[in-house]
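A note on names: the letters A, B, ... follow the listed sequences, proteins ahead of strands, and every chain is numbered from 1.
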Protein chains: 2
Amino acid sequence: MQPSDSLREQIIAQYDAMSAQLQQAARYVLEHPEEVALVSMREVARLAGVQPATMTRLAKFLGLPGYDELRAQHAAALRQGSDGFAAKVRQRVDEGSERGVSDTASHMLQGLSAQLAKLCEPDSLRRLEATATRLRSARKVYVLGLRSSHAVAWHFHYVMTLLGERSVHLDGPGGTGGDALIRATPEDVMLVISIKPYATGTLELAQLAKDKGVGIVSITDSEVSPLVALSEQTFFCPTESDSFFHTLTPALAVSEVLCSLLAEFDRSKTLEALQQADEHLSHLNTYSTAIPRRD
Amino acid sequence: MQPSDSLREQIIAQYDAMSAQLQQAARYVLEHPEEVALVSMREVARLAGVQPATMTRLAKFLGLPGYDELRAQHAAALRQGSDGFAAKVRQRVDEGSERGVSDTASHMLQGLSAQLAKLCEPDSLRRLEATATRLRSARKVYVLGLRSSHAVAWHFHYVMTLLGERSVHLDGPGGTGGDALIRATPEDVMLVISIKPYATGTLELAQLAKDKGVGIVSITDSEVSPLVALSEQTFFCPTESDSFFHTLTPALAVSEVLCSLLAEFDRSKTLEALQQADEHLSHLNTYSTAIPRRD
DNA sequence: AGATGTTTGCAACAAATAAATCATTTAAAT
DNA sequence: ATTTAAATGATTTATTTGTTGCAAACATCT
């Protein structure tokens with residue numbers, strides 16, 4: 001599916017020598033070869049977030065006579081790819097004959113893919129929307145997820161922080177995680193994430209919060225989860241996988257969707273908050289801005 | 001590999017009602033859908049042996065607003081065809097034209113679902129297997145993922161801990177996260193997770209580990225990620241979503257699959273470790289027993 | 001700090017494009 | 001054979017495209 005491969009490899013090879021804008025353009029080209037073939041240069045530039053001129057410069061940088069050649073190569077690759085469908089199937093069959101490790105992996109991934117697709121059912125969407133609405137109305141959002149759910153809780157909190165929302169993560173060293181609830185009020189909401197087996201700590205803290213009048217909203221795995229009784233809103237997501245462990249992927253996906261919905265509620269405020277975060281982090285040199293180091 | 005199928009059928013159905021020139025144009029469109037998507041109208045007209053105006057007339061004849069729509073439909077078909085069987089999922093996405101709140105959610109989830117399905121491509125599976133193999137050979141696995149990647153890193157580490165593997169999470173309060181590397185040896189492997197924007201801390205620690213001879217294995221988002229240069233094995237997973245943020249869901253899914261593969265390598269040992277963990281946790285009253293525990 | 005060489009954004013340009021308009025041809029019907 | 005309507009071709013027009021030139025911003029190195 002790659003554009004002549006040699007071109008693709010060349011882009012990768014020369015990537016380090018490019019300027020920041022050129023890298024941004026090149027990265028988009030690498031990640032969206034079809035678009036390069038199918039839409040105009042100006043449109044590609046817009047999608048890549050660079051100036052139109054940068055695309056021209058990229059082509060020249062790669063030693064091509066102009067952007068048209070860049071598109072032509074991608075178009076040729078796409079032409080091949082379209083009837084290479086048979087080849088792709090053949091390839092998959094070949095791989096399938098091994099009946100080995102990659103079978104397990106493929107099976108798992110397809111299972112997860114199906115689970116996410118299932119979350120699009122009307123009932124799920126309704127619950128998602130209701131949950132987002134409830135969270136939106138909160139003065140503060142306390143996020144609680146222990147043990148395996150920690151990953152989801154933390155990520156939700158992290159994104160909310162970038163949004164400038166008043167998110168508080170109920171976790172911390174030395175078992176002080178619950179202390180943040182000291183000043184919780186009925187205007188606040190707690191988002192609880194917990195899947196089977198349910199950590200006692202989670203349930204205790206959630207109960208405590210509820211006693212203080214805090215609204216409880218939860219992401220859990222079953223109608224018979226102990227969280228259901230505590231919560232105003234509950235979202236159910238599957239955790240079954242054909243491995244030894246329960247999967248957290250659907251739960252993470254749901255939390256990401258929730259973040260997006262909350263962000264969408266007020267786009268301008270979101271954009272402002274993100275810009276603020278951007279500035280802050282760049283002052284701290286948090287991210288590697290420039291070209292990857294060499295050794 | 002047909003353009004939206006319905007359009008193709010429509011062309012066939014109305015073919016008999018067309019004039020000679022229109023038929024000639026239509027016939028070329030049917031036989032060379034890729035060209036329609038990839039080259040200009042005038043070029044298609046030249047290839048089809050008709051006047052440019054005829055192509056416009058064909059589009060109008062089919063009830064489309066203009067030739068651009070004809071091209072757009074063919075382009076969409078080509079886009080879908082290019083990434084194989086994820087197309088099925090993507091198709092359902094296109095159907096939703098109303099953009100309500102729950103439509104946003106549905107759109108995101110289906111997009112994620114498609115991305116996971118795409119990870120089943122042969123190349124990805126090969127990389128997964130190679131990564132798992134490399135991790136398996138390690139004496140100790142250091143897990144590193146800062147900022148947004150923290151969730152994935154932590155979850156991987158958490159699961160590995162249950163497996164009894166010697167996993168060390170490089171994170172901790174007071175910026176002491178890297179200290180665990182003090183006694184790292186060339187027999188160890190570090191799993192690094194980082195997506196754009198790449199945290200400088202991640203790159204520095206990874207470089208440090210590499211200097212000590214530790215093998216680096218990474219999950220990242222692009223061929224041109226700075227991690228590629230440092231790593232023995234790299235797995236690429238998409239992070240694009242149509243929200244404000246990059247998605248971590250595919251990365252988490254991959255880390256879960258990796259855990260499973262590692263677990264599968266020695267099933268009996270895995271089962272033993274899990275049972276041990278179960279006992280330990282039940283002695284600590286970690287989980288609520290009010291609900292049936294997992295088997 | 002000051003000078004130098006890149007990098008980047010903007011605006012202007014010529015070429016090419018799709019669509020609209022008008023003129024000519026063709027075919028059928030009276 | 002003449003009229004009429006449709007089909008085709010040629011021409012024009014308003015956009016849009018890829019490219020280039022230039023000045024401001026930027027980093028780099030004495």
Side-chain angles (χ1 to χ4, degrees), chain A residues 3 7 11 14-29 32 35-76 275 278-279 282-283 285 287-294, chain B residues 3 7 11 14-29 32 35-76 200 224:
Chain A
L7 177 59
I11 296 176
Q14 298 196 250
Y15 186 85
D16 291 344
M18 295 178 193
S19 71
Q21 290 292 297
L22 244 42
Q23 287 192 340
Q24 193 173 332
R27 174 174 266 257
Y28 183 86
V29 171
H32 302 273
E35 299 304 318
V36 177
L38 291 170
V39 308
S40 75
M41 181 195 80
R42 292 174 112 93
E43 185 67 6
V44 173
R46 202 184 58 76
L47 291 168
V50 301
Q51 294 275 334
T54 305
M55 300 309 297
T56 299
R57 288 167 181 152
L58 174 64
K60 301 253 172 185
F61 184 88
L62 294 170
L64 304 174
Y67 180 82
D68 265 326
E69 184 59 27
L70 188 68
R71 181 194 3 245
Q73 297 227 23
H74 281 80
Q275 194 170 356
D278 243 13
E279 269 176 43
S282 77
H283 280 126
N285 267 339
Y287 294 122
S288 151
T289 51
I291 297 95
R293 46 162 73 207
R294 305 150 191 275
Chain B
L7 177 59
I11 296 177
Q14 303 200 34
Y15 187 82
D16 292 338
M18 294 178 192
S19 72
Q21 291 291 299
L22 245 40
Q23 286 192 344
Q24 193 173 333
R27 170 169 266 261
Y28 183 87
V29 171
H32 303 274
E35 299 304 319
V36 177
L38 292 170
V39 309
S40 76
M41 181 195 78
R42 301 175 100 88
E43 185 67 7
V44 173
R46 201 185 58 77
L47 292 167
V50 300
Q51 291 274 339
T54 306
M55 300 309 298
T56 299
R57 286 168 181 148
L58 174 64
K60 300 251 173 184
F61 183 86
L62 294 169
L64 303 174
Y67 180 82
D68 258 328
E69 185 58 28
L70 188 68
R71 193 216 325 269
Q73 297 226 20
H74 282 78
T200 48
V224 292

query = A:Ala53 near the nucleic acid: base, sugar-phosphate alone, or nothing, with a heavy-atom cut-off under 4.0 Å?
reply = base
task = Measure the shortest side-chain to side-chain distance between A:Met18 and A:Leu58 over non-hydrogen atoms and say whether it is less than 4.5 angstrom.
result = yes
ask   = Rounded to whole angstrom units, what separation is found between the CG atom of B:Leu58 and the P atom of C:dA18?
value = 14 Å
inquiry  = Can you see if the side chain of B:Ser19 gets near the phosphate of D:dA7 - specifically, an N or O under 4.0 Å from OP1 or OP2?
reply    = no
task = Rounded off to whole Å, could you give me the CD-to-P distance for the B:Gln24 and D:dA7 pair?
result = 16 Å
request  = Using atom CZ of A:Phe61 as one end and atom C1' of D:dT19 as the other, report the distance to the nearest whole Å.
outcome  = 19 Å
Base C:dA16 to side chain B:Arg42, donor-acceptor N/O within 3.5 Å cut-off = no
key: Protein-nucleotide distance (B:Glu43, atom CD; C:dT17, atom P), rounded to Å   = 8 Å
ask   = Is a donor-acceptor pair below 3.5 Å formed from side chain B:Arg57 to base D:dG9, judging by atom type as modelled?
value = yes
query = Would you say C:dA19 has OP1 or OP2 under 4.0 Å from some side-chain N or O of B:Lys60?
reply = no
task = Measure from CE on B:Met41 to P on D:dT16 and round the result to the nearest Å.
result = 15 Å
query = CD of A:Gln51 to CZ of A:Arg42: how many Å apart, nearest 0.5 Å?
reply = 10.0 Å
inquiry  = Can you see if the side chain of A:Ser40 gets near the phosphate of D:dT17 - specifically, an N or O under 4.0 Å from OP1 or OP2?
reply    = yes
message = By the 4.0 Å heavy-atom rule, please label A:Gln51 as base, sugar-phosphate, or nothing.
response = base
Any A:Gln21 side-chain N or O less than 4.0 Å from OP1/OP2 of C:dT6 = no
key: Minimum side-chain heavy-atom gap B:Phe61-B:Thr54 below 4.5 Å   = no
message = Using OP1 and OP2 only, check whether a side-chain N or O of B:Thr56 sits under 4.0 Å from C:dA19.
response = yes
message = I'd like to check B:Val29 versus B:His74 (side-chain heavy atoms, cut-off strictly below 4.5 Å). Are they in contact?
response = yes
ask   = Can you tell me how far the CZ atom of A:Arg71 sits from the CG atom of B:Leu38, to the nearest 0.5 Å?
value = 9.5 Å
query = In whole angstroms, how far is the C1' atom of D:dG9 from the CG atom of B:Leu22?
reply = 14 Å
Nearest-angstrom distance from the residue atom CE of B:Met18 to C1' of D:dA7 = 15 Å
query = To the nearest Å, how far apart are A:Arg71 CZ and D:dT16 C1'?
reply = 12 Å
